[in-house]
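Counting convention: from 1, in listed order, for ligands and their atoms alike. We number each residue from 1, following the sequence as shown.
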Amino acid sequence: MFAKAILSLAALAVAVNAVPAPSAVCSQGRRASSEACCVWFDVLDDIQENLFDGSECGEEAHESLRLTFHDAIGFSPLLFREGKFGGGGADGSIMAFSEIETNFHANDGVDEIVEEQRPFALKHQVSFGDFIQFAGAVAVSNCAGGPRLQFLAGRSNISRPSPDLLVPEPSDDNDKIFARMGDAGFSPVEVVDLLASHSVAAQDKVDPTIPGTPFDSTPSSFDVQFFVETLLKGTLFPGNGSNVGEVESPLGGEFRLFSDSNIARDARTACEWQSFITDHASMVRKFEAVMVKLATLGQNPRALTDCSEVIPVPANVQLPPATLPAGKSLKDVQVACRATPFPAIRAAPGPATTVAPVPPS
Ligand SMILES: *[C@@H]1O[C@H](CO)[C@@H](O)[C@H](O)[C@H]1NC(C)=O
Ligand SMILES: *[C@@H]1O[C@H](CO)[C@@H](O)[C@H](O)[C@H]1NC(C)=O
């Protein structure tokens, strides 16, 4: 009996260490680690209903995840070293100075989501920098198989416009992209990890005649198909021809960016790219890790409050294993990783795949 009591005490100690005791009770009896997190439950309810159309992984979710990058990557230690202002990173400047930043060529099209998000940030009186990262984290939690991102709150609402030319373009070559991303603190392999976001993404402005054309056949699932389909030989342009930043895609209704195509085939990144095809868990884990960095670029994380408990736990869905789209075979794969053989994945049965656009909502 004595031994049993000691055992249960030990178990209790472990439990207390693992879960910090929630100290604040928020709306609808929800609990948070800090009072400062409570407002985010209210933001959550509002955006799930009124921005993401009932917790969907649709166009607004895709664009909200994209905006986390376009705000945060405006940060250049290189410019600071040259004595210039290098941007504030994940500081909300893309929303505060949207009339400047959304006119940068690389930010073409993000004005729409900035204007859709702004009223929510103003209504709940949270900083633009916090709001953009929060909305992106909630957005991707709505996607089947999605990650649960960390969310830290407390970014200042005061910012300055980012300098131009810090956001990589789909028409940039790999050396240029890796140099820019390296300046911001990301290795080429971490660029691949960030590009898991293109699993739930579509283009609007590279070919403006076919807005909503996704980068893989499953744009509502944070699955591995993007990493398979980008390695297939390109055969067609889904829209009205070749545009700057576009290369041929393998499927009708699917879009391939020049940059995705090149990074998938680059010796520096091809094995990381291929590794995700058979390892969704690794894709999720690495995306979560790299987003911790992205969301705090230019910020001091120790000065922020961890409100991650507000981010929804993504639904536990069993995603199907990677497949070759119907009509394709392993002969259509342009294998680029030399260290590891390409996995023996199967083709889906049925007639050749075409992909439907993401409907605007
Ligand atoms: C953040 O700054 C904008 C101006 O850029 C302002 O309209 C908004 O009210 C500010 N929000 C907070 C919470 O201070
Ligand atoms: C595609 O459409 C754009 C915009 O309408 C136009 O500028 C371009 O010339 C077209 N390209 C082709 C190959 O038809």
Please list, in number order, the atoms of ligand 1 under 4.0 Å from a heavy atom of Phe128. 3 (C), 5 (O)
Please identify which atoms of ligand 1 are closer than 4.0 Å to at least one heavy atom of Ala96. 5 (O)
Closest protein heavy atom (residue, atom, distance) for atom 9 (O) of ligand 1: Leu122 CD2, 3.7 Å
Between Phe276 and the options Phe222, Phe226, Phe227, the ring pair (Phe, Tyr, Trp, His ring centres under 6.0 Å) test singles out Phe227
Once you measure the plane-to-plane angle for Phe120 and Phe131, does it fall in the parallel (<30°), tilted (30-60°) or perpendicular (>60°) bin? parallel
Regarding ligand 1, does Gln125 bring an N or O atom to under 3.5 Å of one of the ligand's N or O atoms? no
Ring-face cation of Arg160 near Phe97 (centre distance under 6.0 Å, axis angle within 45°): no
Could you pull out, from Ile158, Asn157, Asp130, Val126, the option with a heavy atom nearest to atom 10 (C) of ligand 1? Asn157
Cys37-Cys26 sulfur separation below 2.5 Å? no
With a 4.5 Å limit on heavy-atom distance, are the side chains of Gln117 and Ile132 in contact? yes
